[in-house]
Peer 1: 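After the structure tokens below, expect a handful of questions from me.
Any value given below was found using the heavy atoms of this structure, including those in side chains, with hydrogens, waters and symmetry copies removed. Here is how names work: the chains are called A, B, and so on, in the same order as the sequence lines, proteins then strands, and each is numbered from 1.
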Amino acid sequence: MPPAAPEAPVKPPTSLVRRARKIHRVLAETYPEAGCELDFRTPFELLVATVLSAQTTDRRVNAVTPALFAAYPDAAALAAADRTAVEEIIRSTGFYRAKTDSVLGLSAALVERYDGEVPARLRDLVTLPGVGRKTANVVLGNAFDVPGLTVDTHFARLVRRFEWVDDDVAKDPVKTEHAVGALFPRRDWTMLSHRLIWHGRRRCHARKPACGACPVAHWCPAYGTGPTDPVEAARLVTTQGRA
DNA sequence: ATCCCGAGGG
DNA sequence: CCCTCTGGAT
């Protein structure tokens with residue numbers, strides 16, 4: 001019997017699909033307002049804002065992007081910008097030198113290779129400097145209507161705790177994307193990402209998850225297996241678990 | 001101290 | 001796989 005093709009698509013077991021979709025349904029009810037929190041008007045603005053959002057909060061990015069886009073409304077303008085001026089505008093978002101390199105570089109690449117327009121394909125987006133798979137999928141999912149899973153640290157941690165993927169898969173964002181993508185219809189991918197990430201930020205923290213206030217504890221294989229945060233859980237419960 | 005919805009480089 | 005890049009909020 002010949003060995004299976006290396007990347008042959010594996011159909012996930014029905015029980016896993018049902019378990020995963022149940023959790024997604026509950027998360028959708030728990031976080032009805034989940035979505036992209038970056039302010040943007042164009043794909044270009046979202047692309048730049050997403051690059052700036054690395055290792056910072058969306059709120060801090062939203063505080064600087066109005067000034068940034070007023071001065072540099074498109075790729076051509078930002079590509080021609082003075083580096084120091086951009087650094088000053090985005091300084092408060094952290095990593096500002098690397099981020100300035102990225103946004104100037106990606107703007108130049110957009111002008112040179114895409115006539116200043118943001119491409120709506122993953123394989124094009126990830127060739128831009130400072131744009132990785134996560135950033136690319138944020139732009140695809142929120143600025144274009146292209147479904148994409150945004151596998152960030154929260155997403156990876158949660159799908160591991162839910163045991164939607166094996167531990168070795170969870171360590172690899174691309175494998176994670178494919179494995180989780182196989183559990184859900186494409187149209188759910190973008191909102192699934194938002195809901196997982198919101199849940200990761202609000203309850204299912206890395207160190208001490210608030211399992212006592214968790215809406216999906218009943219379906220979580222990791223429930224009761226690790227350290228939890230009773231104080232945070234109590235706070236979330238008494239505040240009606242409001243996001 | 002610790003954490004933030006990352007990406008690139010060695 | 002490791003490291004670095006950075007300021008601000010808590």
Peer 1: What's the gap between C:dT6 and B:dG10 when it is taken at their P atoms, as a whole Å value?
Peer 2: 16 Å

Peer 1: Any donor and acceptor pair, going by atom type alone, linking the side chain of A:R157 with main-chain N or O of A:G200 inside 3.5 Å?
Peer 2: yes

Peer 1: If only atom types and distance count, is the side chain of A:D115 paired as donor or acceptor with the main-chain N or O of A:E117 below 3.5 Å?
Peer 2: no

Peer 1: Among residues two or more places apart or on two chains, list those pairs meeting ring pair (Phe, Tyr, Trp, His ring centres under 6.0 Å) that have a residue in residues 157-184 of chain A.
Peer 2: A:H24-A:F184, A:F162-A:W164, A:W164-A:F184

Peer 1: Enumerate, atom names and distances included, each donor-acceptor pair closer than 3.5 Å involving a side-chain atom of residues 65-82 of chain A, sequence neighbours excluded.
Peer 2:
from	atom 1	to	atom 2	distance (Å)
A:T65	OG1	A:V61	O	3.3
A:D74	OD1	A:A76	N	3.3
A:D74	OD1	A:A77	N	2.9
A:D82	OD2	A:T84	N	3.4
A:D82	OD2	A:A85	N	3.0

Peer 1: Going 5' to 3' along DNA chain B, between which two nucleotides do contacts with chain A fall, using a heavy-atom cut-off of 4.0 Å?
Peer 2: B:dC3 to B:dG8

Peer 1: With side chain to side chain donor-acceptor pair (under 3.5 Å) as the rule and sequence neighbours excluded, what pairs involving residues 48-58 of chain A come up?
Peer 2: A:T56-A:K99, A:T57-A:R60

Peer 1: Could you tell me whether A:R202 sits above the aromatic face of A:W198, with NZ or CZ closer than 6.0 angstrom to the six-membered ring centre and within 45 degrees of the axis?
Peer 2: yes

Peer 1: Partners of A:R113 by side chain to side chain donor-acceptor pair (under 3.5 Å), sequence neighbours excluded?
Peer 2: A:T127

Peer 1: Does A:R83 pair with A:D101 as a salt bridge, N-O distance under 4.0 Å?
Peer 2: yes

Peer 1: Please report the distance separating the P of C:dC3 from the corresponding atom of B:dC5, rounded so that it comes out in whole Å.
Peer 2: 23 Å

Peer 1: Quick one, which residues of residues 144-159 of chain A touch DNA chain B with a heavy atom under 4.0 Å?
Peer 2: A:D152, A:T153, A:H154

Peer 1: Who pairs with A:R97 by side chain to side chain donor-acceptor pair (under 3.5 Å), at least two apart in sequence or on another chain?
Peer 2: none

Peer 1: Which of residues 83-114 of chain A sit near DNA chain B, with a heavy atom under 4.0 Å from it?
Peer 2: none

Peer 1: When you check the gap from the basic side-chain N to the acidic O, do A:R59 and A:E37 get nearer than 4.0 Å?
Peer 2: no

Peer 1: Give me the first and last nucleotide of DNA chain C, going 5' to 3', that has any atom under 4.0 Å from a heavy atom of chain A.
Peer 2: C:dC5 to C:dG8

Peer 1: If you take any heavy atom closer than 4.0 Å to DNA chain B, which residues from residues 130-141 of chain A end up in contact?
Peer 2: A:G130, A:V131, A:G132, A:K134, A:T135

Peer 1: Between A:T57 and A:V126, which has a closest nucleotide on DNA chain B that is more 5'?
Peer 2: A:T57

Peer 1: Using the P atoms only, state how far C:dG8 lies from B:dA7, rounded to an integer number of Å.
Peer 2: 22 Å

Peer 1: Distance-only, no hydrogens or angles: does the A:D166 side chain make a donor-acceptor pair with backbone N or O of A:D168 under 3.5 Å?
Peer 2: no

Peer 1: Donor-acceptor pair, distance only, cut-off 3.5 Å: does the side chain of A:R203 make one with the backbone of A:A213?
Peer 2: yes

Peer 1: Return the set of residues passing side chain to side chain donor-acceptor pair (under 3.5 Å) with A:R121 (not counting sequence neighbours), or none when no residue passes.
Peer 2: A:D124

Peer 1: May I ask you to check if A:R195 and A:Y31 form a cation-pi contact, with NZ or CZ under 6.0 angstrom from the six-membered ring centre and within 45° of the axis?
Peer 2: no

Peer 1: What residues, two or more places apart in sequence or in another chain, satisfy ring pair (Phe, Tyr, Trp, His ring centres under 6.0 Å) together with A:H194?
Peer 2: none

